[in-house]
Enquirer: 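Take this structure first; my questions come after.
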Protein chains: 2
Amino acid sequence: MREGPDIARIAALIGDPARANILTALLSGKALTATELAAEAGVTAQTASTHLARLAEGGLIETRRQGRHKYVTLASEEVAAVLEALTGLAAGQGHLRTRTGPKDAELRRARVCYNHLAGDMGVRLFESMAARRLLEVRPDGVTLAPAGQDFVSAFGIDLAALRSHRTPLCLPCLDWSERRSHLAGSLGRAMLTRMQELGWLRRAEGRLIRVTARGETDFARAFPV
Amino acid sequence: MREGPDIARIAALIGDPARANILTALLSGKALTATELAAEAGVTAQTASTHLARLAEGGLIETRRQGRHKYVTLASEEVAAVLEALTGLAAGQGHLRTRTGPKDAELRRARVCYNHLAGDMGVRLFESMAARRLLEVRPDGVTLAPAGQDFVSAFGIDLAALRSHRTPLCLPCLDWSERRSHLAGSLGRAMLTRMQELGWLRRAEGRLIRVTARGETDFARAFPV
DNA sequence: CTCATCCTTCGACCTCCATCGAAGCATCCG
DNA sequence: CGGATGCTTCGATGGAGGTCGAAGGATGAG
């Protein structure tokens with residue numbers, strides 16, 4: 001018997017293939033219904049129901065009832081961090097469950113990581129803003145510099161509204177495909193949705209993102225390397 | 001059936017209490033023998049043997065035979081990162097396996113995280129060096145600045161010897177107790193052992209570290225905030 | 001060589017739990 | 001009010017795997 005937090009309890013929850021599929025699907029940040037998750041995990045609605053009950057009791061997901069639907073999201077960014085760390089370790093071992101299809105290349109390029117932009121594009125955005133001193137990167141975290149506030153507002157984001165939330169504005173998030181940081185936090189979320197508004201990106205199935213032709217050129221101009 | 005890395009396989013390995021105990025014990029960075037780990041996990045030698053075989057086959061640990069002893073270490077820093085992330089999540093939920101003894105406060109103060117200094121002291125060291133520009137902290141990683149090279153050499157560390165290893169020199173590592181970064185990588189390891197040579201620290205049982213009186217004052221002088 | 005220590009393999013037991021069929025609620029629609 | 005959809009609970013089944021006793025190598029000590 002050792003002291004310390006009970007990591008086995010949490011790891012065992014993630015350790016079932018059906019539940020791991022559910023959690024991975026939720027990494028997209030979208031709130032999914034129970035039946036959608038059942039299909040995603042490849043099990044019937046009954047088994048998915050018991051899995052969701054377990055995950056909720058274990059504090060990994062949060063559920064919210066709306067009419068006769070049950071919407072499910074990850075409970076916190078920390079849960080997402082654990083999942084990304086696990087994904088990174090599994091990917092590093094080269095143990096893929098199925099052979100890597102053409103989707104994987106797209107997934108490495110641009111994808112959604114708990115509601116913010118990840119992959120190659122996410123890293124480019126983060127590093128471009130850091131290099132131009134729009135973001136202050138310090139060991140204890142990332143903050144938005146004064147010049148960055150002007151930049152972000154000009155980009156079409158309502159900073160005051162973001163600050164009214166309790167969630168932190170800027171957070172770094174380590175990428176499993178690029179092994180470099182990208183921008184998380186409420187600002188990361190807002191920038192992703194803003195890019196969709198601008199018609200730069202379109203969400204495909206799962207956490208995949210498709211970049212439009214205009215998005216390609218405008219992104220390169222707005223976030224030079 | 002989803003694409004992507006197989007995180008369930010790894011999570012299931014961590015998800016057994018006995019194996020989780022073994023892995024947590026290995027977070028100290030020390031190479032432990034199979035029987036020591038069996039005692040640590042609270043199981044007999046036979047069951048520990050099968051667990052170790054599974055963990056090795058899953059790529060989480062590495063073993064090395066020396067005489068009739070079998071020494072076990074974690075396979076990589078990435079494995080340690082996953083374990084620390086899980087520990088952080090579990091600690092955040094307040095789900096402790098046993099009640100927090102007086103040891104916990106000491107553990108938060110100074111401990112060993114896969115062979116480098118973590119806890120409050122680890123964070124202080126990292127931030128002191130970053131503030132004095134001895135470390136260059138950038139979004140894609142941490143490097144040792146020229147001034148930092150002189151500092152580290154004066155501290156009594158053979159940089160050339162460290163560079164000859166394949167492992168990276170500097171790595172940031174997120175702390176579960178402090179939620180801030182501290183210094184990992186081969187330099188982090190070297191600094192920990194150097195502090196032990198200087199008589200600043202003494203290793204207690206597990207991953208706990210005791211700070212000597214001289215270490216207290218000398219550390220504050222060498223790494224001011 | 002002989003004994004002790006460390007570790008592994010084998011076999012048997014037993015518990016846990018993922019899964020699905022069937023039925024039961026709750027909600028929305030017409 | 002029915003009928004349909006989304007979700008949950010119950011019960012039975014089956015399989016996976018954690019556990020330990022017993023026995024068998026392998027290594028080192030005397």
Side-chain angles (χ1 to χ4, degrees), chain A residues 1-2 6-26 30-75 95 97, chain B residues 1-2 6-26 30-73 95 97:
Chain A
M1 305 297 136
R2 318 192 78 258
D6 189 358
I7 73 171
R9 203 181 115 267
I10 295 177
L13 280 176
I14 312 176
D16 176 74
R19 285 195 294 261
N21 283 337
I22 289 174
L23 292 170
T24 305
L26 289 173
K30 284 210 308 205
L32 300 173
T33 68
T35 39
E36 285 172 326
L37 289 171
E40 199 69 48
V43 293
T44 62
Q46 306 97 302
T47 53
S49 180
T50 64
H51 284 314
L52 290 177
R54 277 184 115 80
L55 289 172
E57 197 231 6
L60 296 187
I61 62 173
E62 267 169 10
T63 63
R64 157 176 105 244
R65 274 231 305 278
Q66 203 159 347
R68 56 182 164 180
H69 294 273
K70 176 183 196 170
Y71 285 98
V72 182
T73 55
L74 292 185
H95 261 272
R97 200 149 5 151
Chain B
M1 304 299 135
R2 318 193 77 254
D6 190 359
I7 74 172
R9 203 180 116 268
I10 294 177
L13 280 176
I14 310 176
D16 175 74
R19 286 194 293 260
N21 283 338
I22 288 173
L23 291 170
T24 305
L26 290 173
K30 283 210 310 206
L32 299 173
T33 68
T35 39
E36 285 172 325
L37 290 171
E40 201 67 50
V43 293
T44 61
Q46 306 96 298
T47 53
S49 180
T50 65
H51 283 315
L52 291 177
R54 275 184 114 82
L55 288 172
E57 198 231 6
L60 295 187
I61 62 173
E62 267 169 9
T63 63
R64 155 175 107 246
R65 275 233 303 279
Q66 204 161 345
R68 54 182 165 180
H69 294 274
K70 176 184 196 171
Y71 284 99
V72 182
T73 55
H95 260 273
R97 202 151 0 155

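Heavy atoms only: backbone and side chains are in, while hydrogens, waters and symmetry mates are out. Letters A, B, ... are given to chains in the order of the sequence lines, protein chains preceding strands, and every chain is numbered from 1.
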Enquirer: How many angstroms lie between OG1 in Thr50(B) and CG in Leu55(B), if you round to the nearest 0.5 Å?
Expert: 9.5 Å
Enquirer: Drop me the distance from Leu37(B)'s CG to Arg19(B)'s CZ, to the nearest 0.5 angstrom.
Expert: 13.5 Å
Enquirer: Please walk me through it: do Thr24(A) and Ile7(B) pass side chain to side chain contact (heavy atoms under 4.5 Å, CB included)?
Expert: CA-CA 9 Å; Thr24(A) 305; Ile7(B) 74 172; 3.9 Å; yes
Enquirer: Going 5' to 3' along DNA chain D, which nucleotides are the first and last within contact of chain A (any atom under 4.0 Å from a heavy atom)?
Expert: dA4(D) to dT9(D)
Enquirer: Bend across the helix from dC7(C)-dG24(D) to dG30(C)-dC1(D), to 10°, with axes taken over 5 pairs at each end?
Expert: 30°
Enquirer: To the nearest Å, how far apart are Asp16(B) CG and dC16(C) P?
Expert: 13 Å
Enquirer: Indicate the atoms forming the closest heavy-atom contact of Ala38(B) with Ala45(B), along with that distance.
Expert: CB-CA, 4.2 Å
Enquirer: Under the criterion side chain to side chain contact (heavy atoms under 4.5 Å, CB included), which of Leu26(B), Ile22(B), Leu13(B), Thr73(B) is the partner of Ile61(B)?
Expert: Leu26(B)
Enquirer: Give each protein N/O atom lying under 3.5 Å from an N/O atom of nucleotides 6-11 of chain C, with the pair distance.
Expert:
unit_1: dC6(C); atom_1: O3'; unit_2: Arg68(B); atom_2: O; d: 3.2
unit_1: dC7(C); atom_1: OP1; unit_2: Ala34(B); atom_2: N; d: 3.4
unit_1: dC7(C); atom_1: OP1; unit_2: Lys70(B); atom_2: N; d: 3.0
unit_1: dC7(C); atom_1: OP2; unit_2: Thr35(B); atom_2: N; d: 3.0
unit_1: dC7(C); atom_1: OP2; unit_2: Thr35(B); atom_2: OG1; d: 2.8
unit_1: dT8(C); atom_1: OP1; unit_2: Lys70(B); atom_2: NZ; d: 2.5
unit_1: dT8(C); atom_1: OP2; unit_2: Ser49(B); atom_2: OG; d: 2.8
unit_1: dT8(C); atom_1: O5'; unit_2: Ser49(B); atom_2: OG; d: 3.3

Enquirer: How long is the straight-line distance from CG of Asn21(B) back to CG of Asp16(B), given to the nearest 0.5 Å?
Expert: 9.0 Å
Enquirer: Looking at side-chain heavy atoms only, is the closest gap between Leu52(B) and Val72(B) below 4.5 Å?
Expert: yes
Enquirer: Distance check, rounded to the nearest 0.5 Å: Arg9(A) atom CZ versus Ile14(B) atom CD1?
Expert: 15.0 Å
Enquirer: Write down the atom of Ala20(B), the atom of Ala8(A), and the distance for their closest heavy-atom approach.
Expert: CB-CB, 3.6 Å
Enquirer: Please examine the side chains of Thr33(B) and Tyr71(B), heavy atoms only from C-beta on, and report whether any two atoms are closer than 4.5 Å.
Expert: yes
